[in-house]
There are 2 protein chains.
Amino acid sequence: MEKKLNILLAEDDDNLGQLLYTYLQSKGFAVTLARTGKAAYEKYNGNKTHFDFIILDVMMPEMDGFTLAKEIRELDKQTPILFLTAKALKEDKLHGFDLGADDYMTKPFSMEELLARITAIMKRVAPESRDVNESMFVGKIKYEPELSTLHLEDGVKKLTTKENQLLQLLVKNKNEILDRQATLRAVWGDDNYFNGRSMDVYIAKLRKLLKEDPSIEIMNIHGVGFKLIVKA
Amino acid sequence: MEKKLNILLAEDDDNLGQLLYTYLQSKGFAVTLARTGKAAYEKYNGNKTHFDFIILDVMMPEMDGFTLAKEIRELDKQTPILFLTAKALKEDKLHGFDLGADDYMTKPFSMEELLARITAIMKRVAPESRDVNESMFVGKIKYEPELSTLHLEDGVKKLTTKENQLLQLLVKNKNEILDRQATLRAVWGDDNYFNGRSMDVYIAKLRKLLKEDPSIEIMNIHGVGFKLIVKA
DNA sequence: TTCCACTGTTAAAAAAGGTTAAGCAATTTC
DNA sequence: GAAATTGCTTAACCTTTTTTAACAGTGGAA
């Protein structure tokens with residue numbers, strides 16, 4: 001059985017929101033609808049659901065679509081984002097693409113067109129699966145994020161919640177800089193000084209755990225963040 | 001024979017409440033009427049009835065409809081919720097609140113319209129998710145929530161009320177985080193320290209019961225809650 | 001070079017959770 | 001109606017996880 005794809009839909013207009021929700025659901029997606037940008041951000045970061053696709057209205061109360069996309073893109077450059085915009089202004093579109101948008105649509109649009117774009121984008125982007133059985137390799141070390149286990153030489157090591165969350169982000173941003181502040185907001189909820197120190201402690205823990213594979217390095221980018229480097 | 005659908009109706013106005021109650025019952029629904037938000041919450045969490053649909057008046061004493069909906073949604077993302085709201089209520093009040101994918105109706109409305117909405121929403125809700133409560137498998141272990149029985153290797157084990165409520169929530173949120181506080185409020189009525197410890201005791205009980213299937217794991221997410229994981 | 005914010009690391013303190021068993025009230029059984 | 005049983009809570013004790021502290025080392029701007 002094929003697993004349903006999760007879509008996060010942020011749309012403040014109730015009529016359009018309901019319409020899209022119902023339509024996408026009827027097409028076999030599991031849709032989560034948020035009425036504000038802030039609510040959408042919380043749902044995205046709430047680790048209850050993993051989303052495979054994100055649809056953002058540009059104009060929303062509390063947090064607009066662009067700001068939200070920027071926040072998401074700090075840590076997640078993968079998940080496709082599609083903007084819905086009322087304006088046909090060129091600037092808007094460009095702004096959207098600057099932020100790593102995969103596509104945009106100008107209202108009004110047809111449901112069929114939306115579906116076509118979603119499937120087109122999904123086809124060219126490998127959907128990162130979230131199976132509990134999913135496993136990957138960090139260098140030579142087997143890592144199962146959903147079970148939060150590392151398969152080390154001397155047996156299976158169960159990661160703590162924080163170790164696992166942090167390692168997931170590092171891996172997702174492998175060979176790229178993982179922004180310090182954004183990571184703190186996502187994992188610790190707040191980027192204050194003490195949480196920062198806590199994060200440094202966890203970086204040290206992870207370094208120790210991953211030490212058995214010398215091709216792995218967690219590098220510090222002074223004042224910016226960390227970078228997980230896996231040499232070929 | 002088709003099973004009657006259970007509707008939870010929370011309405012503090014006695015006239016409207018009775019009217020809706022009688023009408024919906026005449027249309028073949030099994031209706032449970034609550035006069036306050038708190039009463040509705042208790043009926044929802046009471047182990048007596050599983051509800052397929054929820055209708056909430058927004059303005060109610062003790063606990064308003066929005067707060068109630070939010071509380072319900074913490075643990076149950078499935079059951080459709082329809083709000084009844086007085087015309088006087090400002091549009092932005094609705095907007096400020098994140099309703100998720102739910103519907104709302106502005107008073108006064110016709111009975112027929114209400115019925116139409118209910119049937120429309122029920123039609124699009126996945127039918128499998130409707131009979132969550134019959135009998136199911138947790139890994140290899142047969143579980144009948146209605147009878148509160150687990151079919152283990154050495155016979156049928158009858159679960160206690162608390163064991164059953166907790167397991168039901170874990171199963172309903174399988175592979176997702178079951179929020180600690182929300183679970184405590186739902187099952188124990190209050191999320192104080194001692195109830196928390198009580199819950200930990202019950203988690204230990206359930207772990208022991210489910211131990212015979214090694215593919216089942218109740219994982220702790222530090223400071224957040226628990227997650228029932230069933231490996232393939 | 002010098003200074004100071006930033007990071008690395010280890011250890012101690014605090015908070016949260018795992019588990020077993022004792023306590024207690026309600027109910028059932030004899 | 002006393003005794004046993006049941007279901008849940010509270011206590012106790014221990015382990016794990018996370019945070020905070022302390023101190024030492026680093027890096028980049030002035």
Salt bridge (Lys or Arg N to Asp or Glu O under 4.0 Å) with [X]: which residues, sequence neighbours excluded?
X      : result
A/K38  : A/E62
B/E217 : A/K158, B/K231
A/R180 : A/D200
B/K140 : B/D213

What distance separates B/E176 CD from B/L170 CG, expressed to the nearest 0.5 Å?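 It is 12.0 Å, given to the nearest 0.5 Å.
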A/F51 and A/Y44 aromatic ring geometry - parallel, tilted or perpendicular at 30°/60° bounds: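 Because their plane-to-plane angle is under 30°, the rings of A/Y44 and A/F51 count as parallel.
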Test B/H151 against every option in B/E144, B/K142, B/K157 by the side-chain hydrogen bond (donor to acceptor under 3.5 Å, both in side chains) rule and name the one that passes.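 The residue from B/E144, B/K142, B/K157 that satisfies side-chain hydrogen bond (donor to acceptor under 3.5 Å, both in side chains) with B/H151 turns out to be B/E144.
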Hey, which of these two, B/K208 or B/R180, hits DNA chain C nearer its 5' end, going by closest nucleotide?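 Whichever sits nearer the 5' end wins; that is B/R180.
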Over all strands shown, is A/F226 touching base, sugar-phosphate only, or nothing at heavy-atom distances under 4.0 angstrom?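 Result for A/F226 = sugar-phosphate.
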Under a 4.0 Å threshold between the charged nitrogen and the carboxylate oxygen, would A/R185 count as salt-bridged to A/E71?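 Answer for the salt bridge query: yes.
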Under-3.5 Å N/O pairs linking protein and nucleotides 16-23 of chain D:
| from | atom 1 | to | atom 2 | distance (Å) |
| --- | --- | --- | --- | --- |
| D/dT18 | OP1 | A/T161 | N | 3.4 |
| D/dT18 | OP1 | A/K162 | N | 3.0 |
| D/dT18 | OP2 | A/T160 | OG1 | 2.3 |
| D/dT18 | OP2 | A/Y202 | OH | 3.0 |
| D/dT18 | O5' | A/Y202 | OH | 3.1 |
| D/dT19 | OP2 | A/W188 | NE1 | 2.9 |
| D/dT19 | OP2 | A/S198 | OG | 2.8 |

Using whole Å, what does the distance between atom P of nucleotide D/dA24 and atom CG of A/D200 come to?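 Those two atoms, CG and P, are 18 Å apart.
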Range on DNA chain C touched by chain A - first to last nucleotide, heavy-atom distance under 4.0 Å: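 Terminal contacting nucleotides, 5' to 3': C/dC6 to C/dT10.
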